[in-house]
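On a predicted model such as this, the values are computed, not experimentally measured, just so you know.
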Amino acid sequence: MIFKYIIYIILIALITMGLIYIGIIKDKTLNGVLINKLYSKCIRKVLKAFRTKENLSAKEIREIIEDEKSRVIWSKRKLSVTNSLQFSNLVIDGLIKMKKIELLDSKKRIYRKVNYNL
(Lines give C-alpha, C1' and ligand atoms only; values in the text may rest on other atoms or scores of the structure.)
Protein backbone atom coordinates (compact mmCIF):
# COMPACT_ATOMS: atom_id res chain seq x y z
CA MET A 1 0.00 0.00 0.00
CA ILE A 2 2.74 2.48 0.94
CA PHE A 3 4.64 1.51 -2.21
CA LYS A 4 1.67 2.71 -4.30
CA TYR A 5 1.75 6.19 -2.69
CA ILE A 6 5.52 6.46 -3.09
CA ILE A 7 5.14 5.85 -6.84
CA TYR A 8 2.47 8.60 -7.05
CA ILE A 9 4.71 11.06 -5.20
CA ILE A 10 7.67 10.25 -7.45
CA LEU A 11 5.51 10.66 -10.59
CA ILE A 12 4.19 14.05 -9.40
CA ALA A 13 7.76 15.17 -8.62
CA LEU A 14 8.97 14.10 -12.09
CA ILE A 15 6.10 15.85 -13.86
CA THR A 16 6.70 19.02 -11.84
CA MET A 17 10.43 18.95 -12.64
CA GLY A 18 9.65 18.49 -16.33
CA LEU A 19 7.27 21.45 -16.39
CA ILE A 20 9.76 23.65 -14.57
CA TYR A 21 12.49 22.62 -17.03
CA ILE A 22 10.27 23.50 -20.01
CA GLY A 23 9.50 26.89 -18.43
CA ILE A 24 13.22 27.62 -17.93
CA ILE A 25 14.01 26.74 -21.54
CA LYS A 26 11.18 28.92 -22.86
CA ASP A 27 12.30 31.82 -20.67
CA LYS A 28 15.89 31.57 -21.94
CA THR A 29 14.81 31.62 -25.58
CA LEU A 30 12.13 34.29 -25.13
CA ASN A 31 14.28 37.26 -26.17
CA GLY A 32 15.31 35.62 -29.43
CA VAL A 33 11.74 34.60 -30.20
CA LEU A 34 10.46 38.13 -29.56
CA ILE A 35 13.17 39.70 -31.76
CA ASN A 36 12.45 37.27 -34.62
CA LYS A 37 8.72 37.85 -34.32
CA LEU A 38 9.14 41.64 -34.33
CA TYR A 39 11.51 41.47 -37.31
CA SER A 40 9.08 39.27 -39.29
CA LYS A 41 6.14 41.49 -38.41
CA CYS A 42 7.96 44.61 -39.62
CA ILE A 43 9.00 42.91 -42.86
CA ARG A 44 5.38 41.92 -43.51
CA LYS A 45 4.17 45.47 -42.87
CA VAL A 46 6.77 46.95 -45.25
CA LEU A 47 5.92 44.46 -48.00
CA LYS A 48 2.23 45.20 -47.47
CA ALA A 49 2.97 48.92 -47.89
CA PHE A 50 4.68 48.16 -51.20
CA ARG A 51 1.34 46.80 -52.48
CA THR A 52 -0.17 50.27 -52.34
CA LYS A 53 2.89 52.33 -53.29
CA GLU A 54 5.46 51.45 -55.90
CA ASN A 55 8.37 53.28 -54.24
CA LEU A 56 9.08 53.93 -50.56
CA SER A 57 11.76 56.05 -48.98
CA ALA A 58 13.70 55.01 -45.90
CA LYS A 59 11.81 57.64 -43.91
CA GLU A 60 8.45 56.15 -44.97
CA ILE A 61 9.65 52.67 -44.01
CA ARG A 62 10.78 54.06 -40.66
CA GLU A 63 7.31 55.53 -40.10
CA ILE A 64 5.65 52.23 -41.02
CA ILE A 65 7.55 50.20 -38.41
CA GLU A 66 7.56 52.87 -35.72
CA ASP A 67 5.92 51.78 -32.44
CA GLU A 68 5.49 48.20 -33.67
CA LYS A 69 5.20 45.59 -30.88
CA SER A 70 5.47 41.84 -30.59
CA ARG A 71 4.58 39.37 -27.88
CA VAL A 72 4.07 35.67 -27.42
CA ILE A 73 1.14 33.86 -25.83
CA TRP A 74 3.03 32.24 -22.96
CA SER A 75 4.63 35.42 -21.61
CA LYS A 76 3.57 38.88 -20.48
CA ARG A 77 6.75 40.44 -21.84
CA LYS A 78 6.54 42.58 -24.96
CA LEU A 79 9.14 43.92 -27.33
CA SER A 80 8.66 47.14 -29.27
CA VAL A 81 10.65 49.24 -31.70
CA THR A 82 12.19 52.10 -29.75
CA ASN A 83 14.94 53.16 -32.15
CA SER A 84 13.10 53.12 -35.46
CA LEU A 85 16.08 54.49 -37.41
CA GLN A 86 18.37 51.62 -36.48
CA PHE A 87 15.69 48.94 -36.74
CA SER A 88 14.48 50.21 -40.13
CA ASN A 89 18.04 49.89 -41.44
CA LEU A 90 18.07 46.25 -40.29
CA VAL A 91 14.72 45.60 -41.96
CA ILE A 92 15.82 47.29 -45.21
CA ASP A 93 19.10 45.33 -45.26
CA GLY A 94 17.20 42.11 -44.64
CA LEU A 95 14.76 42.81 -47.46
CA ILE A 96 17.61 43.62 -49.84
CA LYS A 97 19.43 40.39 -48.90
CA MET A 98 16.20 38.42 -49.47
CA LYS A 99 15.93 40.21 -52.83
CA LYS A 100 12.46 41.53 -52.05
CA ILE A 101 13.38 45.20 -52.61
CA GLU A 102 16.11 47.11 -54.43
CA LEU A 103 17.65 50.54 -54.08
CA LEU A 104 16.49 53.07 -56.68
CA ASP A 105 18.16 56.29 -55.51
CA SER A 106 21.08 56.08 -53.10
CA LYS A 107 21.06 59.80 -52.21
CA LYS A 108 17.36 59.93 -51.28
CA ARG A 109 17.33 56.26 -50.16
CA ILE A 110 14.29 55.29 -52.20
CA TYR A 111 13.47 51.62 -52.61
CA ARG A 112 11.13 49.63 -54.82
CA LYS A 113 9.79 46.11 -54.68
CA VAL A 114 11.47 43.60 -56.96
CA ASN A 115 9.07 42.03 -59.45
CA TYR A 116 9.94 38.68 -60.96
CA ASN A 117 6.99 38.59 -63.35
CA LEU A 118 8.52 37.97 -66.75
Side-chain angles (χ1 to χ4, degrees):
M1 201 65 146
I2 295 175
F3 184 69
K4 182 179 175 183
Y5 292 116
I6 292 174
I7 291 177
Y8 287 138
I9 292 171
I10 290 174
L11 284 175
I12 290 172
L14 288 173
I15 290 170
T16 304
M17 285 175 32
L19 291 174
I20 290 172
Y21 182 70
I22 290 171
I24 290 171
I25 289 174
K26 282 193 173 194
D27 193 47
K28 283 184 180 179
T29 61
L30 180 62
N31 290 335
V33 169
L34 285 174
I35 289 170
N36 287 337
K37 193 167 184 175
L38 181 64
Y39 184 72
S40 299
K41 191 174 184 181
C42 289
I43 284 178
R44 272 186 272 123
K45 280 190 83 169
V46 170
L47 291 176
K48 188 175 181 181
F50 272 113
R51 290 182 197 158
T52 57
K53 289 182 84 176
E54 190 172 321
N55 300 330
L56 289 174
S57 67
K59 183 178 179 185
E60 290 171 326
I61 292 173
R62 193 175 321 123
E63 291 170 357
I64 290 169
I65 67 171
E66 197 170 45
D67 298 328
E68 196 61 40
K69 297 176 185 162
S70 73
R71 62 182 300 257
V72 289
I73 297 170
W74 66 85
S75 176
K76 292 181 180 179
R77 282 200 261 168
K78 296 178 185 177
L79 186 67
S80 63
V81 176
T82 54
N83 187 351
S84 60
L85 176 65
Q86 189 177 19
F87 199 74
S88 67
N89 289 337
L90 289 173
V91 170
I92 290 169
D93 289 342
L95 285 169
I96 289 173
K97 286 179 184 174
M98 290 189 293
K99 297 184 179 171
K100 299 282 186 180
I101 63 172
E102 63 185 7
L103 182 64
L104 274 181
D105 188 1
S106 60
K107 288 183 181 179
K108 295 180 182 179
R109 294 188 65 197
I110 297 177
Y111 302 91
R112 74 172 178 180
K113 188 175 179 184
V114 175
N115 293 324
Y116 289 111
N117 300 336
L118 297 175

Query raised in the report: With distance as the sole test, does Ser70 use its side chain to make a donor-acceptor pair with the main-chain N or O of Leu34 at under 3.5 Å?
Result: yes
Report task. Give a yes or no answer on whether the side chain of Ser88 reaches the backbone of Leu85 with a donor-acceptor pair at less than 3.5 Å. Result -> yes
Requested in this report: Return yes if some donor-acceptor pair links the side-chain N/O of Lys41 with the main-chain N/O of Lys69 below 3.5 Å, else return no.
Outcome: yes
Report summary line: dist Leu90:CG -> Tyr39:OH (nearest 0.5 Å) comes out at 7.0 Å
Report summary line: Residues passing the side-chain contact (heavy atoms from CB on, under 4.5 Å) test with Glu102, sequence neighbours excluded, are Arg112, Val114
Query raised in the report: Should Lys48 and Ile64 count as side-chain neighbours, where that means a heavy-atom distance under 4.5 Å?
Result: no
**Report entry** Sidechain N-carboxylate O distance under 4.0 Å for Lys113, Glu54
**Finding:** no
**Report entry** Atom pair OH (Tyr5) and CD1 (Ile10), whose distance is rounded to the nearest 0.5 Å
**Finding:** 15.0 Å
**Report entry** Interatomic distance, Leu95 atom CG to Tyr111 atom OH [nearest 0.5 angstrom]
**Finding:** 10.0 Å
**Report entry** CA sep, side-chain torsions, deciding dist, call: Leu56, Ile110, side chain to side chain contact (heavy atoms under 4.5 Å, CB included)
**Finding:** CA-CA 6 Å; Leu56 289 174; Ile110 297 177; over 6 Å; no
Query raised in the report: Sub-3.5 Å donor-acceptor pair from the side chain of Gln86 to the main-chain atoms of Asn83, do we have one?
Result: no
Requested in this report: Determine the sole option in Asn31, Leu30, Ile24 for which the side chain to side chain contact (heavy atoms under 4.5 Å, CB included) test with Lys28 is passed.
Outcome: Ile24
**Report entry** Nearest heavy-atom neighbours spanning Lys108 and Ser57
**Finding:** O-CB, 4.5 Å
Report summary line: salt bridge (charged side-chain N to carboxylate O under 4.0 Å, His left out) test vs Glu68 passes for just one of Arg62, Lys45, Lys78, namely Lys45
Query raised in the report: Are any side-chain N or O atoms of Thr52 and backbone N or O atoms of Ala49, one a donor and one an acceptor, separated by less than 3.5 Å?
Result: yes
**Report entry** Residues that Asp27 engages under salt bridge (Lys or Arg N to Asp or Glu O under 4.0 Å), provided they are two or more places apart
**Finding:** Arg77
Query raised in the report: So, Thr29 side chain and Ile25 main chain: donor-acceptor pair closer than 3.5 Å or not?
Result: yes
Query raised in the report: Are any of the side-chain heavy atoms of Ile96 and Ile101 separated by less than 4.5 Å?
Result: yes
**Report entry** Nearest-0.5 Å distance that lies between atom CE in Met98 and atom CG in Asp93
**Finding:** 11.0 Å
Query raised in the report: Just wondering, do Thr82 and Asp67 contact through their side chains at under 4.5 Å, heavy atoms?
Result: no
Query raised in the report: About how many Å separate CG of Asp105 and CG of Asn55, when rounded to the nearest 0.5 Å?
Result: 10.0 Å
Query raised in the report: Just by distance, do the side chain of Lys37 and the backbone of Val72 share a donor-acceptor pair under 3.5 Å?
Result: no
Query raised in the report: Hey, what do you get for CD1 (Ile61) to SG (Cys42), rounding to the nearest 0.5 Å?
Result: 11.0 Å
